[in-house]
Amino acid sequence: MESIKSDVKWLGFDWDDRLYFASDYFEQLYQYAVQLIKLGKAYVCSLNADEIREYRGTLTKPGKDSPYRNRSIKQNLDLFENMRAGKFEDGTHVLRVKIDMASPNVNMRDPIIYRIRHEKHHRTGDKWCIYPTYDFAHGLSDSIERITHSLCTLEFEDHRPLYDWILDELKAYHPQQIEFARLNLSDTVMSKRKLLELVEGGHVSGWDDPRMPTIAGLRRRGYTPKSIRNFCERIGVAKADSTVNIALLEHCLREDLNKKAPRVMAVLRPLKVIIENYPENKVEELDAENNPEDPEMGTRKIPFSRVLYVEQDDFRVDPPKKFFRLAPGREIRLKHAYYIKCVEMIKDGKTGNVKELRCTYDPETKGGWSKDGRKVRGTLHWVSADHSIEAEVRLYDHLFTKANPEEEKDGADFKTCLNPNSLETLTSCKVEPGLKDAKSRSSYQFLRQGYFCVDSNEEKLIFNRTVSLRDTWAKIDKK
RNA sequence: UGGGGGAUGGUCUAAUGGCAGGACGAGCGGCUCUGACCCGCUUAGUGAAGGUUCGAAUCCUUCUCCCCCAGCCA
């Protein structure tokens, strides 16, 4: 309950002084039930659960009346009072409403409105041992609260006749129940039952695992309340079953973060670069803008020195067409810094992998501009090796490999298409020094990579990837 | 096979008898010190068949397909 409250607040809503609980109305609800008995519209039924099911009939066959259906009002009043007084065991009696056992809508076949449960309630404690069912409490609670419209999901459409019946019989204020389709998202599951399975099966670390579509999970992943609200506005509300593509949610997220998240440089998979013509001990403080979308976010200083790290993906020994990044002999720009040219690559003797690059820089291009007007196609992010700090980065991907895990063929379990690579942890990432004091939960854009938020900054700095940037090159490269 | 709902581009959603539009995605191009953002263009739809009407996504008829209901759960 507390987590529901904090989720709602986080999303940006407030109930002011209107935090209501159905349990606040237990006494009134009881009195309404008594009234129904007096009207001859409710009776205590002493059939057991199996018998009640049997008497109910099926979808196509009508039910038959309970043998207890015609108890006298006095008898019912008496029995119900004793139910409340705790004179009976769980399951021995229930209070049912008298409608029509032959109704084509099974919800109208004398539904149960009160049952005995000798259980402690989280708000009323031991005060009650009988509790109203949802169908009974729902409409009357709405009525007591004087709400105008009661919104719920489609599966309650069949319950609306009962909702209406109860309020009409009691001549109570009658709100209008309106049903709408629940929200389904592609590439994940939304049902509580299935999410619980993921938690209990250890497929995720908990309800707030950043891969979970729960509010707690989205929050920890780095989603902003505003992006979620925008998303909800865009998808609208309808009565048709639908599955919204998660790409739209991600779009709303990028849209919001693009305006808010400060830009920083972080190298996830470091490749060492030595600038051969840059003095050994020299360090320059370069200016870098914090957010081109918002000049008011100002600038910061970032250190540049002879030994740097760049992204492994940003170098190719044998660059394909349209690859604008570093390659042997190729000149590129280091963001906010200088043009550098790759003059040599050093391979690991054993693996043959490139483990280090030797480059030269052009001192005339400080800040990233060339006076002679020559252009470079690529701009890379980088960090200064000596000044960077280590961080762990967790890359998240969709939890499932199929857009609709619930539609597994041959009725296979939805967990068969769990994505084994939905979490990739990188432990030796290098981030710019200014991130040393990054606050927990704060969001950044790692330039050219994506949006990341601080999961924790206690013993070590840990980032969650919220969502990647759109990556046109990745699409070209795949072809 | 009883009852209740639903069907508009790949996806979500507008159009309440009067030009089928928007967003996301995808594709192409432009811009660029982020292959980001932004901008331009393109793609692609009324479940089916009849009927009413000057005119139908919308009204009528028939059909098809999908979802929900037989808890003392919500």
Side-chain angles (χ1 to χ4, degrees), chain A residues 45 47-50 52-63 90-96 102-109 111-117 130-131 133-135 137-138 152-161 179 181-186 192 231 233-252 254-255 257-259 263 265 288-289 291-293 314 322-325 332-339 365 367-370 375-381 403 445-451 468-477:
Chain A
C45 178
L47 254 23
N48 66 36
D50 287 340
I52 286 180
R53 188 177 314 123
E54 217 181 295
Y55 275 75
R56 186 156 37 224
T58 68
L59 295 178
T60 48
K61 280 192 209 108
D90 285 10
T92 52
H93 308 278
V94 291
L95 185 68
R96 300 176 71 173
S103 170
N105 179 350
V106 292
N107 294 120
M108 298 298 268
R109 320 241 257 232
I112 292 160
I113 60 166
Y114 262 94
R115 70 287 217 212
I116 303 170
R117 286 274 172 84
I130 57 170
Y131 293 100
T133 55
Y134 166 84
D135 279 324
H138 182 207
C152 61
T153 39
L154 252 24
E155 65 268 28
F156 294 99
E157 279 178 321
D158 287 340
H159 294 243
R160 193 174 60 228
E179 310 82 11
R182 56 181 296 151
L183 164 63
N184 295 302
L185 257 188
S186 73
K192 268 178 273 178
F231 170 73
E233 265 166 45
R234 288 203 201 189
I235 61 177
V237 178
K239 290 192 74 169
D241 290 314
S242 63
T243 303
V244 180
N245 200 310
I246 200 164
L248 179 55
L249 213 209
E250 293 173 342
H251 167 81
C252 293
R254 290 189 184 106
E255 182 179 55
L257 254 14
N258 177 46
K259 300 211 173 64
R263 273 55 170 173
M265 293 201 282
E289 60 184 349
N291 189 344
E293 300 287 326
D314 287 338
K322 291 190 180 171
F323 184 84
F324 305 147
R325 308 171 184 186
I332 54 87
R333 167 169 45 231
L334 291 179
K335 180 85 181 170
H336 305 308
Y338 292 100
Y339 286 10
T365 58
W369 293 106
S370 169
K375 292 246 154 90
V376 286
R377 220 35 222 280
T379 300
L380 309 190
H381 61 276
Q445 185 197 101
F446 287 1
L447 228 50
R448 305 206 305 134
Q449 306 199 90
Y451 297 96
S468 65
L469 249 31
R470 288 188 66 214
D471 190 350
T472 307
W473 165 243
K475 281 182 202 162
I476 298 168
D477 196 31

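In what follows, chains carry the letters A, B, and so on, assigned in the order in which the sequence lines appear, proteins first and then strands, with residues in each chain numbered from 1.
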Below 3.5 Å between N/O atoms, which protein atoms pair up with nucleotides 46-48 of chain B? Just atom names and distances, please.
none

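- Applying the 4.0 Å criterion to OP1 and OP2 of B/G35, one finds that A/Arg470 has every side-chain N and O outside that range.
- Residue contacts for A/Val106: at a heavy-atom cut-off of 4.0 Å it reaches the sugar-phosphate backbone alone, with no base atom in range.
- Note on A/Leu47: a base of the nucleic acid sits closer than 4.0 angstrom, heavy atoms only.
- Contacts of A/Ile52 with the nucleic acid, taken as non-hydrogen atoms under 4.0 Å apart, include base atoms.
- Residue-to-nucleotide contacts include no donor-acceptor pair under 3.5 Å from the side chain of A/Arg160 to the base of B/G4.
- Residue A/Thr60 is in base contact, counting any heavy-atom pair closer than 4.0 Å across all strands shown.
- Looking at heavy-atom distances under 4.0 Å, A/Asn48 makes contact with a base.
- In this structure, the CD1 atom of A/Ile235 is 12 Å from the C1' atom of B/C24, given to the nearest Å.
- Base contact: A/His336 has a heavy atom under 4.0 Å from a base atom.
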- request: Given side-chain contact (heavy atoms from CB on, under 4.5 Å), test A/Leu154 with A/Asp241 step by step and report yes or no.
  value: CA-CA 9 Å; A/Leu154 252 24; A/Asp241 290 314; 4.1 Å; yes

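- Protein atom CZ of A/Arg254 is 11 Å distant from nucleotide atom P of B/C38, rounded to whole Å.
- A side-chain N or O of A/Thr379 and one of A/Arg333 form a donor-acceptor pair less than 3.5 Å apart.
- Nucleic acid contact class of A/Ala240 (heavy atoms, under 4.0 Å, all strands): sugar-phosphate only.
- By the 5.5 angstrom centroid cut-off and the 30-degree plane limit, A/Trp473 is classified as stacked against the base of B/G35.
- Phosphate proximity of B/G71 to A/Arg56: present, with a side-chain N or O under 4.0 Å from OP1 or OP2.
- Among the protein residues, A/Glu293 comes within range of the nucleic acid bases, having at least one heavy atom under 4.0 Å from a base atom.
- Within the nucleic acid shown, A/Tyr131 has no heavy atom closer than 4.0 Å to any nucleic acid atom.
- No engagement by A/Ala474 is indicated, since no non-hydrogen atom pair under 4.0 Å with the nucleic acid exists.
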